[in-house]
Amino acid sequence: MNKESLTRELFNEVMVPNYAPGSIIPVRGEGSRIWDQEGREFIDLQGGIAVTCLGHTHPGLIGALQEQAGKLWHLSNVMTNEPALRLAKTLCDQTFAERVFFANSGAEANEAALKLARRYAWEHYGEQKNEIIAFKKSFHGRTLFTVSVGGQPKYREGFEPAPGGVVHADFNDLESVKQLISKDKTCAVIVEPIQGEGGVIPADPEFLKGLRELCDENDALLVFDEVQTGVGRTGHLFAYQMYDVVPDILSSAKSLGGGFPIAAMLTTAKVAASLGVGTHGSTYGGNALACAVGQKVIDTVSQPEILKGVVARSERLQKGMMEIGERYGVFSEVRGAGMLLGCVLTDAWKGRAKDFLNAGLDEGVMILVAGMDVVRLAPSLIIPEADIDEALERFETAVKKLTAA
Ligand SMILES: *Cc1c(COP(=O)(O)O)cnc(C)c1O
């Protein structure tokens, strides 16, 4: 099949229509730059949706992948392997965790977290303690269990019957949790420290502290979905460290592989004990190639100068976006942390986030949206400052044209 026939139109002919990809087809990347089939260059502030945390074709990641590729790719969990053991040990050393379960995607890490929470309550307190409290607007993945726990009904619509035992409270509203939580029924509370897909909405520190206390009072497990906020995204290795609230279970994916599929569920030894032999599993979970790449990602991102760099880059990007927002009257607020920012559209521009994305593409800058009212940025954690400045210039041109039209 020749290259010329690999077009955007072909997508509609051979792919299930659940996505609506942009008009260009990128073919090559380096750092925070991407080139499409026509050789047009873009600055990447999408980061593969908070995944390519070290940019594209990072030499360290290529090295880790190539080295492992020449040794051993896959065994399945009939055997363990050195990269998986090494990465699990590193994650335990660097976090609250004492035990790790590997999976391949965020949804699967959450699936494991939710199953573990149910199983733990079942073992320690009985089968009636099975209710999961989640939050409106939250996003936890696209499996049937995780769309049922997620707080966006549109992702569940038409796929019912959904698994039961899930209730939704209001994010950043402790009172709404108090009304739902009980010692008899609640097995877990699951929350994103910063709601990503829901609009880049940070949790109030008091809210997360309050959830920790409520969970303790009601013998419920606190689960942090850090699929989007984890692995350096906020300027901390995990966002719970920024909030200083320790969960019982934490899910990680996206940036964990820097572009290679891998996910992990972290927990304590006491809680982990409820997933005994045979209770859960994954063929690819702990794959040697994935873990070798994940190792390089964690070793790189956890360096203090990298994490400090995220904070400096964040300030630069926030300031630039706020200035554009004020100059053209398009943003009312820029929120989030580190390299996960949400620019909230003013009333005059509400519902038009996608227009900003398309206008950006025309000027050579790739951005994301989070819903229809928020422009989201989730670039590489090591994006060069010069690329941030140039991306801001390009984005300003895009906004200027959009607002003049
Ligand atoms: C992306 C995301 C998920 C789902 O991850 P997949 O790898 O797409 O399954 C779950 N939770 C949060 C917070 C996410 O941002």
Side-chain angles (χ1 to χ4, degrees), residues 16 18-19 21 46-53 101-117 132-152 154-156 159 166 168 171-172 188-203 208 211 222-234 236 238-240 242-243 247 249-266 282 284-285 287 290 293-294 297 335-342 368-371 374 376-379 381:
V16 169
N18 61 314
Y19 302 115
Q46 295 181 341
I49 315 190
V51 166
T52 48
C53 60
F101 171 81
F102 288 117
N104 315 288
S105 67
E108 284 171 273
N110 284 330
E111 186 85 18
L114 296 164
K115 282 180 71 178
L116 172 55
I132 293 157
I133 298 178
F135 292 94
K136 289 173 190 162
K137 284 180 136 184
S138 67
F139 183 79
H140 299 297
R142 299 292 201 127
T143 63
L144 193 53
F145 197 178
T146 54
V147 287
S148 306
V149 171
Q152 302 188 47
K154 65 173 185 209
Y155 292 145
R156 180 157 76 231
F159 298 116
V166 181
H168 293 94
F171 189 66
N172 277 336
V189 175
I190 182 168
V191 65
E192 297 161 84
I194 300 175
Q195 284 194 334
E197 304 301 309
V200 192
I201 307 168
L208 292 187
L211 288 183
L222 181 59
V223 182
F224 277 5
D225 179 345
E226 291 228 31
V227 169
Q228 192 151 163
T229 55
V231 191
R233 188 62 42 196
T234 62
H236 298 257
F238 288 98
Y240 85 85
M242 170 173 84
Y243 281 100
I249 304 177
L250 181 152
S251 55
S252 176
K254 291 203 164 96
S255 285
L256 184 57
F260 201 96
I262 179 172
M265 177 193 71
L266 315 185
S282 161
Y284 265 124
N287 170 274
V293 177
V297 169
R335 63 194 179 197
M339 290 283 98
L340 178 59
L341 299 178
L368 289 168
V369 303
V374 177
R376 175 172 40 157
L377 310 175
L381 306 182

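Order of appearance sets the numbers: ligands from 1, and atoms from 1 within every ligand. Values reported hereafter were calculated over all heavy atoms of this structure, with side chains retained and with hydrogens, waters and symmetry mates removed. All of these numbers come straight from a predicted model, not from anything done at the bench.
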Shortest non-hydrogen separation from Ser251 to Asp225 and the atoms involved: OG-CA, 3.3 Å

Interatomic distance, Thr52 atom OG1 to Lys254 atom NZ [nearest 0.5 angstrom]: 12.0 Å

Separation between CD1 of Ile190 and CZ of Phe135, rounded to the nearest 0.5 Å: 10.0 Å

OH/Tyr284: more than 12 non-hydrogen atoms of other groups inside 6.0 Å: no

Worked verdict on Val231 versus Phe238 for side-chain contact (heavy atoms from CB on, under 4.5 Å): CA-CA 6 Å; Val231 191; Phe238 288 98; 4.2 Å; yes

Residue contacts for ligand 1, heavy atom to ligand atom, distance under 4.0 Å: Ser105, Gly106, Ala107, Asn110, Phe139, His140, Gly141, Glu192, Asp225, Val227, Gln228, Lys254

Intermediate values then yes/no, side-chain contact (heavy atoms from CB on, under 4.5 Å), Val200 and Leu340: CA-CA 7 Å; Val200 192; Leu340 178 59; 4.2 Å; yes

